[in-house]
Amino acid sequence: MDQVDPRTRILDAAEELFYGQGIQVVGMDAVRAASGMTMRRVYQHFPSKGELVEAYLLRRDGRWRANLAVYVSRTGGPPREQLLAVFDWLGRWFAEPGFRGCAFVNALGELGAVSPAVVAAARHHKTEFGSYLAGLAEAAGAPPATAVHLTLLAEGAITSAAVHGDPTAAADAREAARLLLEATPDR
């Protein structure tokens, strides 16, 4: 028998459906069916679809950033190589079956005009990702503005990979990041 707690089962189902199909087209009944829960149980944990969407985004943010950090830390190379490893990780993500781009950009596009919680979750995710890159850039001896440039390269690669269905956008962005870092004197 499945020992996963009901909240996690609901979030797992919601994540698969929301990321795979879009938030607006997925109703609570679809989440209920995919999770194997009763509608009453779903609403006990998430009294509204908006609360479920927010929980999905917050959990996805934490997992996404943690997976990235683990991958980068395992490279064990010098700081500049760790920074470039971000793009290697992105390439692996882009090549996963079912990759549909950034869940936060997707959610913002669907609900940003009507959901302050979605806007806040998307901003939080992007701010934290930029801060992570800033920390790596600082460790690599790059000036602070370099982190902004690297963030734009990464975000552009994410969008390009989603739009074109081509994971090589990560390798192209990695090469641009490498050139940027080579042109950046060590502090």
Side-chain angles (χ1 to χ4, degrees), residues 11-12 14-23 53-112 118-184 186:
L11 280 170
D12 288 347
E15 182 165 5
E16 184 174 333
L17 293 168
F18 291 161
Y19 184 72
Q21 298 175 24
I23 295 169
V53 169
E54 184 178 7
Y56 145 67
L57 290 172
L58 293 175
R59 185 177 80 154
R60 187 169 179 98
D61 169 61
R63 280 201 331 241
W64 190 92
R65 290 186 300 109
N67 290 340
L68 171 61
V70 166
Y71 181 89
V72 169
S73 70
R74 287 185 179 158
T75 63
R80 285 187 181 218
E81 283 305 311
Q82 288 186 1
L83 228 168
L84 295 175
V86 168
F87 296 93
D88 299 335
W89 183 84
L90 289 174
R92 294 169 65 110
W93 176 42
F94 299 166
E96 288 178 3
F99 171 75
R100 287 194 62 245
C102 176
F104 301 89
V105 170
N106 296 347
L108 190 67
E110 284 192 72
L111 299 170
V118 166
V119 173
R123 284 184 180 155
H124 172 79
H125 176 73
K126 297 304 182 182
T127 298
E128 291 300 315
F129 179 50
S131 294
Y132 177 69
L133 291 178
L136 292 174
E138 182 180 355
T146 304
V148 173
H149 304 146
L150 293 168
T151 301
L152 291 171
L153 283 171
E155 294 293 346
I158 293 168
T159 301
S160 182
V163 169
H164 299 289
D166 184 1
T168 61
D172 293 338
R174 185 189 200 282
E175 178 61 12
R178 186 188 66 72
L179 293 170
L180 176 65
L181 290 170
E182 280 183 6
T184 304
D186 289 330

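In this chain, numbering begins with 1 at the start of the sequence shown. Hydrogens, waters and symmetry mates play no part in the numbers below; they use all other heavy atoms, side chains included.
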For the side chain of T159 and the backbone of G156, is there at least one donor-acceptor N/O pair under 3.5 Å apart?
no

R65 (side chain) donor-acceptor with E128 (main chain) under 3.5 angstrom
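It does not hold such a pair.
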
Please name all residues satisfying side-chain contact (heavy atoms from CB on, under 4.5 Å) with A122, sequence neighbours left out, ordered by chain then number.
F104, L108

Residues two or more places apart in sequence or in another chain: which of them pass side-chain contact (heavy atoms from CB on, under 4.5 Å) with R74?
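Expected list: V70.
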
For [X] against [Y], the heavy-atom pair lying closest together:
| X | Y | value |
| --- | --- | --- |
| T151 | G130 | OG1-CA, 3.7 Å |
| A162 | G101 | CB-CA, 3.5 Å |
| L83 | A137 | CD1-CA, 3.5 Å |
| A176 | L153 | CB-CD2, 3.8 Å |
| A154 | L90 | CB-CD1, 3.9 Å |
| V72 | Y132 | CB-OH, 3.2 Å |

List for me each residue that meets ring-ring contact (aromatic ring centres under 6.0 Å, His included) alongside F129, sequence neighbours excluded, and say none if there are none.
W64

Run the ring-ring contact (aromatic ring centres under 6.0 Å, His included) test against F94 and tell me which residues pass, sequence neighbours left out.
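With sequence neighbours excluded, F94 shows a ring-ring contact (aromatic ring centres under 6.0 Å, His included) to F99, given in chain and number order.
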
Are side-chain heavy atoms of [X] and [Y] found at a separation under 4.5 Å?
| X | Y | result |
| --- | --- | --- |
| W93 | N67 | no |
| H149 | L133 | no |
| V86 | L136 | yes |

Please say whether the positively charged group of R60, taken as NZ for Lys or CZ for Arg, lies over the ring of Y19, i.e. under 6.0 angstrom from the six-membered ring centre and within 45 degrees of the axis.
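Yes.
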
Sequence neighbours excluded, which residues qualify as side chain to side chain donor-acceptor pair (under 3.5 Å) partners of E155?
K126

Atom [atom1] in [X], atom [atom2] in [Y]: separation rounded to 0.5 Å?
| X | Y | atom1 | atom2 | result |
| --- | --- | --- | --- | --- |
| L84 | T75 | CG | OG1 | 9.5 Å |
| N106 | I23 | CG | CD1 | 8.0 Å |
| D12 | L17 | CG | CG | 11.0 Å |

Output every pair passing salt bridge (Lys or Arg N to Asp or Glu O under 4.0 Å) with a member in residues 159-179, not counting sequence neighbours, ordered by first then second residue.
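As it turns out, the salt bridge (Lys or Arg N to Asp or Glu O under 4.0 Å) pairs with a partner in residues 159-179, which skip direct neighbours, are E81-R174, D88-R174, E175-R178, R178-E182.
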
Counting only heavy atoms not in E16 (residues, nucleotides, ligands), do more than 12 fall under 6.0 Å from its CD?
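Open: at most 12 neighbouring heavy atoms sit under 6.0 Å from CD of E16.
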
Looking at R100, I'd like to know if its CZ atom is crowded, meaning that more than 12 non-hydrogen atoms belonging to other residues, nucleotides or ligands lie closer than 6.0 Å.
yes

